[in-house]
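For reference, the structure is listed below as structure tokens.
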2 protein chains.
Amino acid sequence: MKKPNLTSNDIAKHLGVSQSMVSRAFNPKASISDEKRTYILEGAAKLGYKPNALARSLISNRSGLIAIALDSSANPMYDLQARMLASEIQAKGGHAILCPISNGDLDSAIQRAFEYQVDGLIIATSRLSSNVIEQCEQYGVCLSFINRYIDGFRANSVGLDNDDAGNQAADYFFKKGCSSFAFVGSEGGSMTCELRWNAFHRRTLELGLAEPIRISASFDIESGMQAAEQLINSSHKVDAVFCANDIIGIGFIEGLKMHNQGGYKIIGVDDIPMASWPSYQLSTIKPPTDIICKSAVEDLFGRINGNNEKTGNYILFKGTLVERAS
Amino acid sequence: MKKPNLTSNDIAKHLGVSQSMVSRAFNPKASISDEKRTYILEGAAKLGYKPNALARSLISNRSGLIAIALDSSANPMYDLQARMLASEIQAKGGHAILCPISNGDLDSAIQRAFEYQVDGLIIATSRLSSNVIEQCEQYGVCLSFINRYIDGFRANSVGLDNDDAGNQAADYFFKKGCSSFAFVGSEGGSMTCELRWNAFHRRTLELGLAEPIRISASFDIESGMQAAEQLINSSHKVDAVFCANDIIGIGFIEGLKMHNQGGYKIIGVDDIPMASWPSYQLSTIKPPTDIICKSAVEDLFGRINGNNEKTGNYILFKGTLVERAS
DNA sequence: ATGAAAGCGCTAACAC
DNA sequence: GTGTTAGCGCTTTCAT
């Protein structure tokens with residue numbers, strides 16, 4: 001069971017200093033002589049002392065805890081993001097509390113995270129009631145969105161520049177000599193998807209090409225396959241397909257294979273590991289996920305520490321087109 | 001910035017009761033009249049009060065925080081596990097702290113998690129220094145392994161029954177009329193892999209078949225592909241291949257495709273979503289991940305709450321063979 | 001069943 | 001630079 005913790009008081013007694021000195025030794029910006037600091041730090045290490053972050057948080061009103069709300073989706077992209085966010089949070093001296101949104105109680109987990117005095121909440125899911133978001137305001141919990149966009153809240157949004165992604169896709173197809181474009185993605189619902197479509201659509205027209213067609217698909221393999229089937233069976237003579245993400249793109253390729261079709265230029269978004277697998281060789285727009293996560297955490301901690309107060313920002317990063325066989 | 005928190009004291013004053021009564025109202029097994037409890041609970045909710053879990057943890061010496069150490073591997077299996085573990089922990093009233101093991105400082109993140117008084121640590125990676133594990137003993141942090149096996153520590157290990165998996169693979173191949181088996185997996189290092197090989201090997205001999213050959217491969221697509229190439233170029237007339245996991249299995253299939261080869265029965269382990277993708281149709285041994293995670297968390301909380309003290313156990317669950325085209 | 005009081009381990013404001 | 005003191009918000013005796 002739980003062993004009795006060694007406290008700063010114990011250390012102080014053992015080393016013949018006051019308890020505050022022990023506290024100061026562990027606080028880099030406290031005024032204490034170097035001599036004493038090393039003496040205490042070494043002594044504490046020898047005795048196996050570790051400061052109690054809970055007690056520190058209680059008094060300092062800063063827990064260093066950040067909750068990450070994420071979908072239980074099968075898209076590896078989200079997990080990668082969550083892991084990267086957690087790493088960045090740790091690098092900043094905090095810790096990430098993982099809040100997967102399970103079907104049942106949508107946000108009770110996050111409600112309880114608030115009881116742990118989380119300093120911030122990063123939302124990487126769309127399935128979150130605005131109730132939670134309102135509580136962020138109420139409790140003063142800083143809020144960030146990753147690749148999500150919800151207006152009207154004191155939050156910033158960090159993610160891929162979807163506008164640019166749509167443009168890049170159209171430009172790439174055009175450069176490759178394609179002239180009849182299609183877009184596959186969810187209809188309504190996803191703001192991300194809508195932005196990609198809008199830019200892709202606009203740029204296609206700017207290039208003097210015909211109106212691109214839009215095929216509806218949710219974010220899974222099967223939907224991508226169905227989209228391919230649908231396109232094959234239609235009368236459209238499309239030669240380039242922009243898929244809202246790699247999962248759909250891979251599904252689309254699977255659909256083509258199944259019907260022994262080909263001849264389309266295909267681009268996805270995300271550059272999940274599977275996109276590079278030999279069977280797919282899916283060209284894709286790769287978001288700078290490391291930069292996005294780092295930037296999101298930086299922004300969040302900036303607000304937590306009161307360095308920047310600004311909210312309502314979209315901090316966007318351009319993706320890079322990874323050209324593969326598709 | 002951080003708003004001043006509403007405390008139980010504030011609530012007490014507002015409602016004209018003592019602070020202890022507010023505390024009791026929130027503690028299901030405290031002695032308080034139903035009348036008062038509902039009165040306080042409703043009043044608190046109206047005022048927007050939430051108890052401070054940090055303060056509770058400080059006094060009760062139980063944080064409800066569980067750290068999950070996981071690799072930053074590209075295997076979707078690990079992320080799924082992490083998410084499921086987090087959900088189970090939440091279901092038990094706790095919270096999961098995500099500790100991805102980044103390349104640099106192997107366990108400094110976990111060291112710091114100890115400062116947050118985590119009640120337990122679930123290890124889902126092999127890249128963890130035993131230093132951390134020793135600290136678990138020292139600090140009285142309960143320890144669990146998921147699909148990992150390290151002896152000599154006060155910990156339990158929950159996961160797939162690798163023995164049974166090896167047997168199932170050999171039996172399945174035999175049933176399908178195959179007679180010359182190969183195994184692809186990492187050499188040394190992974191205990192998991194070793195157990196699967198051992199059982200597969202033993203059962204193959206028990207079936208009266210020839211010694212299975214063993215091809216070395218690390219846990220990534222490329223290694224799987226190389227293994228296929230190696231087998232193709234060798235003189236072995238293998239007709240069935242047991243891959244240590246799905247990633248290797250998919251790589252193996254990719255390798256075969258690349259050389260226009262076929263005719264092997266192939267089985268993987270994990271049943272990651274990609275195994276069912278049309279291009280692979282990889283038969284696989286599917287671990288009951290939900291049960292494994294639930295059981296791991298249950299066992300861990302059992303020890304944390306002092307209900308069961310037993311350690312050194314292997315809690316194993318049999319996988320089910322998912323038969324696909326491969 | 002209820003209230004008063006002690007104290008969990010720490011930080012920070014205050015003296016010196 | 002260092003020691004003393006007062007809490008952070010809660011749970012838990014201990015009275016009543």
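None of the values given here were measured: they were computed from a predicted structure. Values reported hereafter were calculated over all heavy atoms of this structure, with side chains retained and with hydrogens, waters and symmetry mates removed. Letters go in sequence order (proteins before strands), and every chain restarts at 1.
- Between the side chains of B:Lys310 and B:Asn156, no donor N or O sits under 3.5 Å from an acceptor N or O.
- At a threshold of 4.5 Å between non-hydrogen side-chain atoms, the residues B:Ser108 and A:Gln90 do not count as touching.
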_Base contacts versus sugar-phosphate-only contacts with protein, heavy atoms under 4.0 Å: please encode nucleotides 6-16 of chain D as B, S and - from 5' to 3'._
-BBBBBB----
*asked:* Pair A:Tyr149, A:Asn162 - check side-chain hydrogen bond (donor to acceptor under 3.5 Å, both in side chains), show working.
replied: CA-CA 11 Å; A:Tyr149 312 88; A:Asn162 291 305; 3.0 Å; yes
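- With a 4.5 Å cut-off on side-chain heavy atoms, B:Ile292 and B:Pro287 count as touching.
- Residues A:Val17 and A:Val22 meet the side-chain proximity criterion, which asks for heavy atoms closer than 4.5 Å.
- A heavy-atom distance below 4.5 Å is not found between the side chains of B:Pro76 and A:Asp79.
- Taking all atoms of both residues into account, the shortest heavy-atom contact from B:Gly93 to A:Tyr116 is O-OH, 4.5 Å.
- Regarding A:Met21, its CE atom lies at a distance of 17 Å from the P atom of C:dA13, rounded to whole Å.
- Counting only heavy atoms from C-beta outward, the side chains of B:Pro51 and B:Arg56 approach each other to under 4.5 Å.
- Contact of the B:Ile146 side chain with the B:Leu70 side chain is not registered, since no non-hydrogen atoms from C-beta on lie closer than 4.5 Å.
- Contact check of residues 29-44 of chain A against DNA chain D (heavy atom, cut-off under 4.0 Å) returns A:Ser31, A:Ile32, A:Ser33, A:Lys36.
- In the helix from C:dA1-D:dT16 to C:dC16-D:dG1, the terminal helix axes, each the rotation mapping four pairs' C1' atoms onto the next four within five end pairs, subtend 40°, rounded to 10°.
- A:Ser157 has its side chain out of reach of A:Ile315: every pair of non-hydrogen atoms, C-beta onward, lies at least 4.5 Å apart.
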